[in-house]
Amino acid sequence: MTTAETTSDSTPETPARDFIHQAVADDLASGRFQPPIVTRFPPEPNAYLHIGHAKAVGVSYRIAKEFGGRFHLRFDDTNPAKEEQEYIDAIKEDLAWLGIEWGEHEYYASDYFDQLYEWAVKLIEAGKAYVDDQTGDEIRTGRGTLTTPGTNSPFRDRPVEESLDLFNRMKAGEFPNGSRVLRAKIDMASPNISLRDPVMYRVLHEAHPRTGDAWCIYPLYDFAHGQSDSLENITHSLCSMEFESHRPLYEWFIKELGIFPSRQIEFARGNITYTFTSKRRMAELIEKGHVTGFDDPRMPTLRGLRRRGFLPGSLMRFWAEAGVAKRDNNIEFAKLESILRDDLNKIAPRRMAVLDPLKVVITNYPADQVEPMDGINNPEDPDAGTRPVPFSGELYIEREDFMEDAPKKFFRLAPGKEVRLRSAYWVKCEEVIKDDSGNITELRCTYDPETRGGSNPPDGRKVKGTLHWVSANHAVDAEVRLYEHLFTAEDPTTPPKGSEDWLDNLNPDSLKVITGAKLEPALADTEPGKPVQFERMGYYCKDLVDSTPDKLVFNRTITLKDTWAKVQKKGG
RNA sequence: AGGCCCGUAGUGUAAUGGUAACACCCUAGUUUUUGGUACUAGUAUUCAAGGUUCGAAUCCUUGCGGGCCUGCCA
């Protein structure tokens, strides 16, 4: 290759490059940074990760991967009043589930407390920071407002030695919480409020999950984050838009300290219809008993999604396809569903399960005969093979698959109509049995022995419907939990008209528990959490928490697309 | 409002001064032993007004709309 001039766009499908990719590429091209590109995900260990975090990790992770760089996990543990070891463990677990690999690059802002303290001293000595004795209220008042400049603290110009001494004594534990802070000396009149002498350190007599009681002063985010990035040689520190106004401060500390110039780039968080990510709201749902906990399958937490049966790869793919930009967004949940179904379709083994059983007796089937039919495990994957599914003269079919007075577009079972039982035989409904109050209790059908395996009969008859079924005597009982959106509103956090409570958006049908479901026997052996498709019904998984061999519990991850439901809806 | 950021089909994201595109949603059809899957086709887009330019989604101005910032949270 001598020239690249002739490239006729030989890579037409180069993935669309978001503005972050471009910035990184530009930085490499301009020499602003040398390889390797290093990114990080910096969670505060004060909560469980949710679906929004999956976007944040994904953005940084992909940049590192695609530029052949490095990815760090760093816990932003600068506020021991809120943070706990439990969350550190949970976050690592959830990240691993997502498929994120950080190797030995696991860091903690608290690892840098000594260095941070040293740098704070350096800034005091340089006259760039001072100890402020004002109360919290005084500081707030002095900061001014959005439209009026702040005023200098009376302690702003105190001698360097005095600040040094006070800061030292803050560290030594001589002062109570809230009595003094260390502030950067920048500009109380700046239109950017985060530059109005931001607080760097506060007194906090609180044990830290990692440093114990070694410290009673802790750095604030602004004095810890950029420096931590710098210490780890993070080239691109990617964060959400609300930190944009902090960037000048991020850069100010780096410049004053003369340390590695990490670059902060902000992007918009990802919102999704019908869901939310506020920790406060999650807690409220739990407190009020609307969900069972942070791992409730309806929760937007990664643990909830996992329990529900979502694939980690689908989550990552969803965010990758959703893209990254700076504008506010509200992605349709349907986009996620589409990706989930697509992934599930390829890997989920097919099984048959009848959720609302209606008994069917095959009157011409030899009594006591049982045949193992070959059930195709996955039509998308020939290598998945088949499994034996026991067929007998007494079956269950889905109650909604029978209609006594069926409209023309109803392809399922009706009096005198014939359908295919998947992988088994064609059956024809001959008689409808009802109880005294007119409820249908049983169907009497005949089968055609020439349709074994569900194949077309020699006479060329056609049938439009194929039904799932289970053999009554071989069926395994299970509880099935049918989940829907937790909320009926696209934006659940906005109360509905005439209400002031967002909880009025709750979907009363977000969970429907079915206790008498009949499953084909193979389902008893599926691994908890692993996806299966209940044919014609949807994707399910055995519940990771509540399912036991004695009492099977399955969660519905998501339904199949249901065009029949649409037809019905249209028909009135 | 003081500052900053952002406005592209219904939704999300591309187009880097040169034919506005991709995915999802929606509609119609084909195939089908899942009313699934797959496939085909279709509907629909640059916030507005000026300006610069041979040419503007892109650059400039103004307006309109949305978001963020006044923790000793992150």
Side-chain angles (χ1 to χ4, degrees), chain A residues 13 15-19 22 42-44 46 76-79 81-83 132 135-136 139-141 143-150 177-183 190-194 196 198-204 217-218 220-222 224-225 239-248 266 268 270 272-273 321-339 341-342 345-346 350 352 376 379-380 409-412 420-424 426 451 453-456 463-468 490 533-538 559-568:
Chain A
E13 64 213 300
R17 304 216 115 202
D18 58 71
F19 76 102
Q22 293 177 31
E44 183 188 14
N46 69 341
D76 229 333
D77 56 348
T78 57
N79 186 0
K82 294 187 173 177
E83 298 149 6
D132 195 340
T135 64
I139 290 178
R140 184 164 33 255
T141 307
R143 193 157 27 224
T145 69
L146 293 176
T147 50
T148 60
N177 290 356
S179 55
R180 282 181 171 80
V181 293
L182 182 69
R183 289 232 259 172
S190 172
N192 181 346
I193 291 175
S194 38
R196 316 238 263 230
V199 175
M200 297 162 59
Y201 268 93
R202 79 281 224 182
V203 177
L204 230 195
I217 58 171
Y218 292 92
L220 275 91
Y221 169 86
D222 285 309
H225 202 94
C239 61
S240 42
M241 292 298 291
E242 65 264 30
F243 292 103
E244 192 176 31
S245 60
H246 294 240
R247 180 159 22 100
E266 310 85 14
I272 306 174
T273 58
E321 284 190 22
V324 194
K326 299 181 81 155
R327 58 169 176 265
D328 288 328
N329 57 79
N330 202 9
I331 309 169
E332 286 173 344
F333 197 88
K335 170 76 176 173
L336 213 203
E337 290 182 324
S338 150
I339 286 171
R341 287 195 183 103
D342 187 49
N345 177 47
K346 289 175 190 139
R350 271 55 170 178
M352 291 196 283
I376 294 170
E380 304 295 314
K409 282 187 176 170
F410 187 78
F411 303 151
R412 284 110 104 141
R420 170 189 294 115
L421 293 182
R422 170 122 243 229
S423 310
W426 288 24
T451 56
S455 57
N456 293 353
V463 94
K464 281 198 127 171
T466 299
L467 271 41
H468 61 282
E490 284 201 11
Q533 183 193 102
F534 288 0
E535 291 215 51
R536 304 208 305 133
M537 300 304 285
T559 61
L560 254 26
K561 268 179 137 177
D562 189 351
T563 52
W564 168 238
K566 266 182 203 168
V567 173
Q568 274 180 306

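Letters A, B, ... are given to chains in the order of the sequence lines, protein chains preceding strands, and every chain is numbered from 1.
- For B/G10, the base has a donor-acceptor partner in the side chain of A/Glu332 [N/O atoms by modelled type, under 3.5 angstrom].
- With hydrogens and angles ignored, no donor-acceptor pair closer than 3.5 Å exists between the side chain of A/Arg341 and the base of B/G36.
- Taking the P atoms as reference points, B/U58 lies 10 Å from B/A48, given to the whole Å.
- Side-chain atoms of A/Arg327 and base atoms of B/U8 include a donor and an acceptor less than 3.5 Å apart.
- At a cut-off of 3.5 angstrom, the base of B/U13 holds no donor-acceptor pair with the side chain of A/Glu321.
- For B/G2, neither phosphate oxygen OP1 nor OP2 lies less than 4.0 angstrom from any side-chain nitrogen or oxygen of A/Arg196.
- The residue A/Leu560 sits close to a base: some heavy atom pair falls under 4.0 Å.
- For the C1' atom pair drawn from B/U30 and B/G7, the interatomic distance equals 41 Å after rounding to whole Å.
- Each of A/Pro43 and A/Ser338 has a nearest nucleotide on RNA chain B; the 5'-most of these lies closest to A/Ser338.
- A centroid separation of 6.0 Å or more is found between the aromatic rings of A/Trp564 and A/Phe411.
- In this structure, B/C4 forms a base pair with B/G67, meeting either the Watson-Crick or the G-U wobble geometry with both donor-acceptor distances under 3.5 Å.
- One P atom belongs to B/A21, the other to B/U34, and the distance between them is 36 Å to the nearest Å.
- Shown here, B/C26 forms a base pair with B/G42; the pair counts as Watson-Crick or G-U wobble because both key distances fall under 3.5 Å.
- The base of B/G36 lies close enough to the side chain of A/Glu380 for a donor and an acceptor atom to sit less than 3.5 Å apart.
- When each of B/C5, B/C25, B/G35 is scored by its nearest atom to the side-chain atoms of A/Trp564, the top-ranked nucleotide is B/G35.
- Side-chain N/O atoms of A/Asn456 and A/Arg420 include a donor and acceptor closer than 3.5 Å.
- Across all strands shown, A/Val181 has heavy atoms under 4.0 Å from base atoms, whether or not it also approaches the sugar-phosphate.
- As the counterpart of B/U61, B/A49 is assigned, both hydrogen-bonding distances of the Watson-Crick or G-U wobble pattern falling under 3.5 Å.
- With C1' as the reference atom, B/A23 and B/U45 are 15 Å apart, rounded to whole Å.
- Within the nucleic acid shown, A/Arg140 comes within 4.0 Å of sugar-phosphate atoms alone, with no base atom in reach, counting heavy atoms only.
- Put simply, A/Lys561 has no side-chain N or O that comes within less than 4.0 Å of OP1 or OP2 on B/U34.
- Distances shorter than 4.0 Å separate none of the side-chain N or O atoms of A/Arg420 from OP1 or OP2 on B/U32.
- OP1 or OP2 of B/G36 has at least one side-chain nitrogen or oxygen of A/Thr563 nearer than 4.0 Å.
- Using atom P as the reference point in both B/U8 and B/A14, the two lie 11 Å apart (nearest Å).
- Base engagement by A/Thr147 is indicated by at least one non-hydrogen atom pair under 4.0 Å involving a base atom.
- Note on A/Leu336: nothing from the nucleic acid sits closer than 4.0 angstrom, heavy atoms only.
- At B/U13, none of the side-chain N or O atoms of A/Arg17 fall inside 4.0 Å of OP1 or OP2 (strictly under the cut-off).
- Closest to the side chain of A/Thr466, out of B/U37, B/U33, B/C6, is B/U33.
- Of the candidates B/U33, B/U27, B/G3, B/G3 carries the atom nearest the A/Pro191 side chain, counting heavy atoms from C-beta on.
- With C1' as the reference atom, B/C64 and B/U27 are 34 Å apart, rounded to whole Å.
- The residue A/Asn330 sits close only to the backbone: its heavy atoms come under 4.0 Å of sugar-phosphate atoms, none of a base.
- Comparing the C1' positions of B/G18 and B/A9 gives an interatomic distance of 22 Å, to the nearest angstrom.
- Against the 90° criterion about 0, the sugar-base torsion of B/G66 places it in the anti range.
- Summarising the geometry, the separation between CG on A/Asp328 and C1' on B/U8 is reported as 16 Å, rounded to the nearest angstrom.
- At a threshold of 4.0 angstrom between heavy atoms, the contacts of A/Ser423 include nucleobase atoms, whether or not backbone atoms are also involved.
- Proximity note for A/Thr78 (side chain, C-beta onward) versus B/U70, B/A74, B/C25: the nearest is B/A74.
- Within the 4.0 angstrom heavy-atom criterion, base atoms lie near A/Arg350.
- Using a 4.0 Å heavy-atom distance criterion, A/Phe534 is classed as making no nucleic acid contact.
- A salt bridge is absent between A/Asp562 and A/Lys566; no separation between the charged side-chain nitrogens and carboxylate oxygens falls under 4.0 Å.
- At a threshold of 4.0 angstrom between heavy atoms, the contacts of A/Val324 are confined to the sugar-phosphate backbone, with no base atom among them.
- Within 4.0 Å of A/Glu266, counting heavy atoms only, lies no atom of the nucleic acid at all.
- Pair assignment for B/G18 gives B/C54, based on Watson-Crick or G-U wobble hydrogen-bonding distances that are each under 3.5 Å.
- A straight line from CG of A/Leu421 to P of B/U33 spans 15 Å, rounded to a whole angstrom.
- Within the 4.0 angstrom heavy-atom criterion, no nucleotide atom of any strand lies near A/Thr559.
- Of the side-chain N and O atoms in A/Lys346, none sit less than 4.0 angstrom from OP1 or OP2 of B/U37.
- Pairing partner, B/U32: none, since no Watson-Crick or wobble contact has both distances short of 3.5 Å.
- Nucleic acid contact class of A/Pro379 (heavy atoms, under 4.0 Å, all strands): base.
- Between A/Lys335 and A/Glu244, the residue anchored closer to the 5' end of RNA chain B is A/Glu244, taking for each the nucleotide with the nearest heavy atom.
- B/U37 is unpaired under the criterion used here, namely a Watson-Crick or G-U wobble arrangement in which both key atom distances are under 3.5 Å.
- Taking atom CE on A/Met537 and atom P on B/U34, their separation rounds to 16 Å, with Å as the unit.
- Counting any heavy atom pair closer than 4.0 Å across all strands shown, A/Glu44 reaches sugar-phosphate atoms only and no base atom.
- A gap of 16 Å separates the C1' atoms of B/G65 and B/A1, to the nearest Å.
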